[in-house]
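For reference, the structure discussed in these notes is given below.
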Amino acid sequence: MRSRFLSTALYSAGLALAGLIAVTTVTAAQSTAPSGLPVPRYVSLKSDRVNIRKGPGRDYGIAWVFRRAGLPVEVLKEFEGWRQIRDSEGATGWVNQIMLSGRRTALVLPWELKQKADAQPKRRPIVVLHASASTRSRTLARLEAGVLTSVSSCDGRWCRVFLDRHVGYVEQKNLWGIYPNEVFK
């Protein structure tokens, strides 16, 4: 059985991913924000350069800059045209809503990348991209921790993802940017 090995480096220059419209099931832990959308919720960054500020407005200093379009972030709060977000490493800051997209994306095992540099394994952990929503299905690719995927749907256990020319299924528990047991199409 042949499979491809897709590395993080392949996607570090940015991805040209098609937009998705997702209908998300709102759980009891979510509330509705002034925008009418649930909070918390996952969204993605629209641009390869997104300023993250210390507060909700241009008068607040820039805390850091994201340089990768498509990254998933979690919206925690809303204030007028600003959104407080959290990234996969747990850092929070404020971003103008125009820099966010409703397109769903996810990172593969980003928590595996947090290990100390001296304790890094020689190879990054991988997740199998399956042909169907079953561990018994054919392996289409092997995805390294940190790979960015676009997500078209999740059933609470499996997510249908696509990247480059690959379309397949990944177990939901291996993705950051999707809530546990979240269902959407």
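- When hydrophobic clusters are built by joining Ile, Leu, Val, Met, Phe, Trp and Tyr residues whose side-chain heavy atoms come closer than 4.5 Å, directly or via intermediates, V75 is grouped together with V95.
- In terms of heavy atoms, C154 sits closest to I178 at SG-CG2, 3.8 Å.
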Practice prompt. In sequence, state the C-alpha distance, the side-chain angles, and the governing distance for V73 and R86, and then conclude on side-chain contact (heavy atoms from CB on, under 4.5 Å).
Written response: CA-CA 6 Å; V73 293; R86 176 174 35 220; over 6 Å; no

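- In terms of hydrophobic clustering, with Ile, Leu, Val, Met, Phe, Trp and Tyr side chains grouped at heavy-atom distances under 4.5 Å, M99 and L148 are assigned to a common cluster.
- Distance check, rounded to the nearest 0.5 Å: OG of S153 to CZ of F184 gives 7.0 Å.
- Scanning both residues, D48 and A69, for their nearest heavy atoms gives OD1-N, 2.9 Å.
- Between R68 atom CZ and L107 atom CG the span is 6.5 Å, to the nearest 0.5 Å.
- Placement of V151 and V108 within a single hydrophobic cluster is found when ILVMFWY residues are connected by side-chain heavy-atom separations under 4.5 Å, directly or transitively.
- Counted within 6.0 Å of NZ on K77, heavy atoms from surrounding residues, nucleotides or ligands total 12 or fewer; the atom is thus considered open.
- Side-chain contact between W158 and T135 is present, with at least one heavy-atom pair separated by less than 4.5 Å.
- Remark: side-chain polar atoms of D87 are paired, donor with acceptor, to backbone N or O of E89 under 3.5 angstrom.
- A donor-acceptor pair under 3.5 Å is absent between the side-chain atoms of S132 and the main chain of S137, judged by distance alone.
- The two atoms that bring A106 and L175 nearest to each other are CB-CB, 3.9 Å, heavy atoms only.
- For Y179 (side chain) and R41 (main-chain N/O), a donor-acceptor pair under 3.5 Å exists by modelled atom type.
- Side-chain contact between Y42 and R104: present, with at least one pair of heavy atoms (C-beta onward) separated by less than 4.5 Å.
- Hydrophobic clustering, with ILVMFWY side chains joined whenever heavy atoms are under 4.5 angstrom apart, groups V43 together with W64.
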Discussion item. side-chain contact (heavy atoms from CB on, under 4.5 Å) for N96 and W82? Distances and angles first, verdict last.
Written reply: CA-CA 5 Å; N96 191 301; W82 294 85; 3.9 Å; yes

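- Q172 contributes a side-chain N or O that, together with a main-chain N or O of G156, makes up a donor-acceptor pair within less than 3.5 Å.
- L45 and I98 fall within a single hydrophobic cluster, where Ile, Leu, Val, Met, Phe, Trp and Tyr are joined by side-chain heavy atoms under 4.5 Å apart, directly or via other members.
- Between the side chain of R58 and the backbone N or O of R53, no donor-acceptor pair lies under 3.5 Å.
- When all heavy atoms are compared, the tightest approach of Q97 to R83 is OE1-NH2, 2.6 Å.
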Item to complete: Report the C-alpha distance between T149 and V170 in whole Å, list the side-chain angles of each, state the deciding distance to 0.1 Å, and finish with yes or no for side-chain contact (heavy atoms from CB on, under 4.5 Å).
Response: CA-CA 10 Å; T149 67; V170 172; 5.9 Å; no

Discussion item. Determine whether F66 and I85 satisfy the following criterion, side-chain contact (heavy atoms from CB on, under 4.5 Å), listing intermediate values before the conclusion.
Written reply: CA-CA 12 Å; F66 278 118; I85 62 164; 4.0 Å; yes

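- Contact record, P56 with W94: CB-CE3, 3.5 Å, taken as the closest heavy-atom pair.
- To the nearest 0.5 Å, atom NE2 of residue H130 and atom CG of residue L140 are 9.0 Å apart.
- Between the OG atom of S44 and the CG atom of L100 there is a distance of 8.0 Å, given to the nearest 0.5 Å.
- Test L163, N174, I126 against L143 for side chain to side chain contact (heavy atoms under 4.5 Å, CB included) and you get one pass: L163.
- For E74 against W176, the heavy-atom pair with the smallest separation is N-CH2, 4.2 Å.
- In this structure, CG in L129 is found 10.0 Å from CZ in R138, a value given to the nearest 0.5 Å.
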